[in-house]
**Q** 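Have a look at this one.
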Amino acid sequence: MNYRNVGKSGLKVSEIAVGSWMTDLAGTEKVDIARDTIRLAYDKGVNFFDCADAYSGGEAEKFLGKILNEYQRHSYVVSSKVFFPTGGGANDWGLSRKHIFENVDRSLLNLNMDYIDLYYCHRFDNTTPMEETLRALSDLVSKGKILYYGVSEEWGAARLEEAQRIIEKYGLYPMTVVQPQYNMIDRYIEHEIMSVCEKYGIGITPFSPLAQGLLTGKYKKGEPYPEGSRATHQADKQINNLLTDENLDKVEKLSKIAEELGTNMSVIALSWILRKSIISSVITGASKPSQLENNLAAADFRIPADAFEEIEKILDFKRFERHVG
């Protein structure tokens with residue numbers, strides 16, 4: 001396994017990370033498979049495990065913590081997130097100092113750990129001053145409850161720039177990482193966010209690298225959805241919205257390139273993300289050991305220059321800049 005620094009910090013994480021959502025683990029067999037997957041990841045050199053306080057009402061943190069506590073704490077990096085409701089009260093959501101302080105303790109209790117390595121703002125809270133949020137996170141670093149902090153979705157380039165100004169003005173602990181969605185189909189962070197992260201030395205740990213399963217190649221145009229796939233049961237239908245003829249045509253062409261290179265679509269999609277040095281780690285959602293084994297192969301796979309050029313032609317991405325004023 002290869003390791004990279006998270007931005008300009010000294011923290012090193014495995015290029016492939018494992019996310020623990022635990023939203024569909026009804027039944028002993030699924031629990032055992034998820035447990036075996038996390039253990040296999042650790043045995044294979046994965047040292048970065050991602051979670052959030054909102055996943056399964058805190059049960060995902062408990063599940064992950066129980067497994068990781070089998071190992072020495074210094075040997076792995078664990079992340080969690082705060083924002084979404086964890087109760088029915090007026091202050092049981094968001095990025096206020098109160099909610100952040102209360103929920104980091106809740107997450108630590110769930111994980112049965114003394115500290116969280118990386119702590120993310122899961123979304124942006126427009127009801128709380130950004131200064132309050134950043135001061136709270138910086139104070140948690142001072143207290144040793146978290147070691148580094150960052151943000152996830154809804155923190156665009158302008159908000160990252162504003163956050164940086166606040167951090168520098170008040171001498172707060174720096175923002176270390178962002179966790180946006182990023183994959184071959186959704187490249188919005190290449191518009192502005194990626195350049196801001198490069199400017200300030202902020203690492204990127206993207207999620208949904210396989211575009212909800214679209215980039216695995218298992219969905220075919222004109223064919224029924226595979227039994228048990230996300231498209232057959234996902235409540236919010238995110239994957240269904242991606243299964244357009246245009247996207248499926250792209251995946252079919254990309255799959256042929258993967259086959260010519262002696263690999264598969266998942267490896268190509270993950271390796272394509274890791275081509276960027278600003279990417280610290282790719283958070284994968286492997287639900288069983290065989291998927292994990294396949295994903296891990298991406299860490300040592302390099303897309304040849306000619307194949308990469310062909311891939312970019314297929315993707316036909318048009319970068320744009322937004323200028324105000």
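These figures come from a predicted structure and were not determined experimentally. For reference, positions follow the sequence shown, starting with 1.
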**Q** Ala211 and Leu242: which non-hydrogen atoms are nearest, and at how many Å?
**A** O-CD1, 3.4 Å

**Q** Run the numbers on Gln179 and Trp155 for side chain to side chain contact (heavy atoms under 4.5 Å, CB included), then give the verdict.
**A** CA-CA 10 Å; Gln179 187 185 112; Trp155 286 74; over 6 Å; no

**Q** How far does CD of Glu252 sit from CG of Asp245, to the nearest 0.5 angstrom?
**A** 11.0 Å

**Q** Side-chain contact, heavy-atom cut-off 4.5 Å: Glu246 with Lys250?
**A** yes

**Q** Take a 6.0 Å sphere around CD of Glu309 and say whether it holds more than 12 heavy atoms from other residues, nucleotides or ligands.
**A** no

**Q** Quick one: are Met175 and Tyr149 in side-chain contact, heavy atoms under 4.5 Å?
**A** yes

**Q** If I take atom CD from residue Gln291 and atom CG from residue Asn295, how far apart are they, to the nearest 0.5 angstrom?
**A** 7.0 Å

**Q** Would a line drawn from the ring center of Trp93 to the ring center of Phe83 be shorter than 6.0 Å?
**A** yes

**Q** Between Tyr120 and Asp50, is any pair of side-chain heavy atoms under 4.5 Å apart?
**A** yes

**Q** Verify the neighbour count for atom CD of Glu154: are there more than 12 heavy atoms of other residues, nucleotides or ligands below 6.0 Å?
**A** yes

**Q** Under the 6.0 Å and 45° cation-pi test, does Arg159 pair with Phe124?
**A** yes

**Q** Any heavy-atom pair between the side chains of Tyr119 and Val104 that's under 4.5 Å?
**A** yes

**Q** Under the ring pair (Phe, Tyr, Trp, His ring centres under 6.0 Å) rule, collect the residues that match up with Phe207, sequence neighbours excluded.
**A** none

**Q** Can a donor-acceptor pair be found, under 3.5 Å and without considering hydrogens, that links the side chain of Asn2 to the backbone of Ala299?
**A** yes

**Q** Answer yes or no: is there a side-chain heavy-atom contact under 4.5 Å between Val141 and Tyr148?
**A** no

**Q** Under 6.0 Å from the CG atom of Asp114, do we count more than 12 heavy atoms belonging to anything else shown?
**A** no

**Q** Side chains of Leu111 and Phe49: closer than 4.5 Å at any heavy-atom pair?
**A** no

**Q** Could you give the distance from CE (Met113) to CG (Leu64), rounded to the nearest 0.5 Å?
**A** 6.0 Å

**Q** Check whether any side-chain heavy atom of Ile311 sits under 4.5 Å from a side-chain heavy atom of Ile257, and report yes or no.
**A** yes

**Q** Compare all side-chain heavy atoms of Asp117 with those of Arg73 and state whether any distance is below 4.5 angstrom.
**A** yes

**Q** Salt-bridge test for Arg39 and Glu70: reply yes if a basic N is under 4.0 Å from a carboxylate O, no otherwise.
**A** yes

**Q** Taking all non-hydrogen atoms of both residues into account, name the closest pair between Ile273 and Pro206 and its distance.
**A** CG2-CG, 4.0 Å

**Q** Using ring centroids (six-membered ring only for Trp), state whether Tyr71 and Tyr42 fall under 6.0 Å.
**A** yes

**Q** Shortest non-hydrogen contact from Ile38 to Ser20?
**A** CD1-OG, 4.5 Å

